[in-house]
Amino acid sequence: MAIRILGTGSYVPPRALSNFDLEKMVETNDEWIRTRTGISERRIAERDVLTSDLALEAAKRALDMAGIEPSDLDLISVATVSPDRPLPSTSCMLQKKLGAENAACYDVLAACSGLLYSIEIANAMLKAHKKYRYALVVGAEKLSSVTDWTDRSTCILFGDGAGALVLARDDSGTEEDKEFFIASKLGSMGKYSDLLQIPAGGSENPATHETVDAHMHFVKMDGQAVFKLAVSGMVKACRETLEEAGVDPEKVAWIIPHQANMRIIDAIANRLELPLERVFRNISKYGNTSSASIGLCLDELNRDGRLKDGDYVLLTAFGGGLTLGAMLIKWYNKK
Ligand code: ACO
């Protein structure tokens, strides 16, 4: 029995918001944003486009590549911090739009590490139960809906998008083993939960006129503190994952770090002694898309034909929670 990646898909809305556009909205400039973050532009969804709509487009592309129908899906997982509504789950909204009536649906809230958590859960469910054959795993965000467009310390960072994977359980045992999952390390540091949060809208601060006036429904972040913890956390998770797998860093064909800040990405590559040409980066085009980020990268690499059979790909992420993780996968192109 092996779990395989049958397809990937991604979607970003067409409207790009450049650093120059942001210069007209808050006290900032293109040079500061590019040198401090590596971001040149980000995509912003229209008012009536929901997180589940972004997820839908990415999902359709992944299903198309996988060659399966929505009705074949047994599981749908959506990782997001910007759900369509607090209730129901965005995965149920996606199920409705896809017409995937046979799937069990659940959301995962682990911020920028959300896709890694989702893959880990779906992989374990597929391995544990024969009744599950196909899982759709999506990371989708409309971060523009939880961004404070008057706060220059955060609004320059975030963008909208979605990335998806179709995982499948293969019981045939006749073909060459194409198991994708090699090793992982997930972790959380709840003691730092206040460093990155949306303070209102939950049981602690239900929505009131005051919470709205105080901008408490938007992302707040202590950027510098998160920065330091992000670098050390991801490097440690990557090292532990490679060690568990018995794979040396030089055997890794690609590392896909969560796209939060170019300086964080460079610092990770540096500490792991990985050459920059093996470090995937698309942050300049999309900014930080939280749960969607790793899925966007994986699909771009896959569709560009840059992933070869047997390639080790190291995924790593860090985000609100604080959550963190690394996952080593082995790539096989769909024949
Ligand atoms: N334009 C111009 N100046 C700015 C801007 C801006 N947009 N934002 C802040 N500044 C100023 C500050 O006011 C400060 O000025 P001062 O020195 O006069 O006080 C100066 O620039 C430096 O500010 P810092 O906050 O120290 O800037 P830093 O180099 O740390 O960069 C950033 C900030 C980009 C947010 C960085 O800290 C970062 O990327 N942090 C990590 C983010 C992250 O990884 N988040 C996790 C995932 S997100 C999620 O889970 C949803």
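Numbering of ligands and ligand atoms starts at 1, following listing order. Since the model is a prediction, treat every value here as computed from it, not as a measurement.
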For [X], atoms of ligand 1 separated by under 4.0 Å from a heavy atom:
X    : result
F318 : 47 (C)
G320 : 50 (O)
R263 : 28 (P), 29 (O), 31 (O)
G319 : 50 (O)
A111 : 50 (O)
M221 : 42 (C), 45 (N)
I264 : 41 (C), 44 (O)

Between [X] and [Y], is there a donor-acceptor pair closer than 3.5 Å when you use the side chain of the first and the backbone of the second?
X    : Y    : answer
R43  : Y286 : no
Q95  : A100 : yes
Q259 : T289 : no
D299 : A164 : no
T241 : A183 : no
T323 : A110 : yes
E204 : P199 : no

- Query: Is it the side chain (CB and beyond), the backbone, both or neither of V26 that lies under 4.0 Å from ligand 1, heavy atoms counted?
  - Reply: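 It is neither; nothing of V26 touches ligand 1.
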
- Query: If you measure from each non-hydrogen atom of A230 to ligand 1, which part falls under 4.0 Å: side chain, backbone, both or neither?
  - Reply: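 No part of A230 is near ligand 1 at this cut-off.
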
Determine, counting only non-hydrogen atoms of the protein, whether one lies under 4.0 angstrom from [atom].
atom                    : result
atom 45 (N) of ligand 1 : yes
atom 24 (P) of ligand 1 : yes
atom 19 (O) of ligand 1 : no
atom 39 (O) of ligand 1 : yes

- Query: Looking only at non-hydrogen atoms, which of G223, S293, S291, S290 approaches atom 41 (C) of ligand 1 most closely?
  - Reply: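 Among G223, S293, S291, S290, the closest heavy atom to atom 41 (C) of ligand 1 belongs to G223.
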
- Which option out of T28, N19, L229 puts a heavy atom nearest to atom 6 (C) of ligand 1?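 The nearest heavy atom belongs to T28.
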
Nearest to [atom], what protein heavy atom do you find, and at what distance?
atom                    : result
atom 33 (C) of ligand 1 : W32 CH2, 4.1 Å
atom 48 (S) of ligand 1 : N288 ND2, 3.2 Å
atom 28 (P) of ligand 1 : R36 NH1, 3.6 Å
atom 26 (O) of ligand 1 : Q224 NE2, 2.4 Å
atom 36 (C) of ligand 1 : N261 ND2, 3.8 Å
atom 12 (C) of ligand 1 : R152 NH2, 3.9 Å
atom 50 (O) of ligand 1 : C112 SG, 2.7 Å

Look at the side-chain heavy atoms of Ile, Leu, Val, Met, Phe, Trp and Tyr, link any pair under 4.5 Å apart, and say whether [X] and [Y] land in one connected group.
X    : Y    : answer
V138 : L63  : yes
I44  : I283 : yes
F180 : L75  : yes
I39  : V219 : yes

Before signing off on this row, confirm whether [X] and ligand 1 have an N or O atom pair separated by under 3.5 Å.
X    : result
L196 : no
H258 : no
V226 : no
N29  : no
T37  : no

- Query: Counting only heavy atoms not in E273, do more than 12 fall under 6.0 Å of its CD?
  - Reply: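 Result for CD/E273: open.
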
- Salt-bridge test for E179 and K127: reply yes if a basic N is under 4.0 Å from a carboxylate O, no otherwise.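 Answer for the salt bridge query: yes.
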
- Message: Between R15 and D160, does any side-chain N to carboxylate O distance fall below 4.0 Å?
- Response: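 Answer for the salt bridge query: no.
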
- Would a 4.5 Å heavy-atom cut-off, applied to side chains only, mark V49 and P13 as touching?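 Result no, sub-4.5 Å side-chain heavy-atom pair not found.
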
- Looking at S77, S89, S118, which hits side chain to side chain contact (heavy atoms under 4.5 Å, CB included) with D107?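 The side chain to side chain contact (heavy atoms under 4.5 Å, CB included) with D107 is passed solely by S89 among S77, S89, S118.
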
- Message: Contact between ligand 1 and V81 is defined here as a heavy atom of the residue under 4.0 Å from a ligand atom; is it met?
- Response: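 Flag not set, V81 not near ligand 1.
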
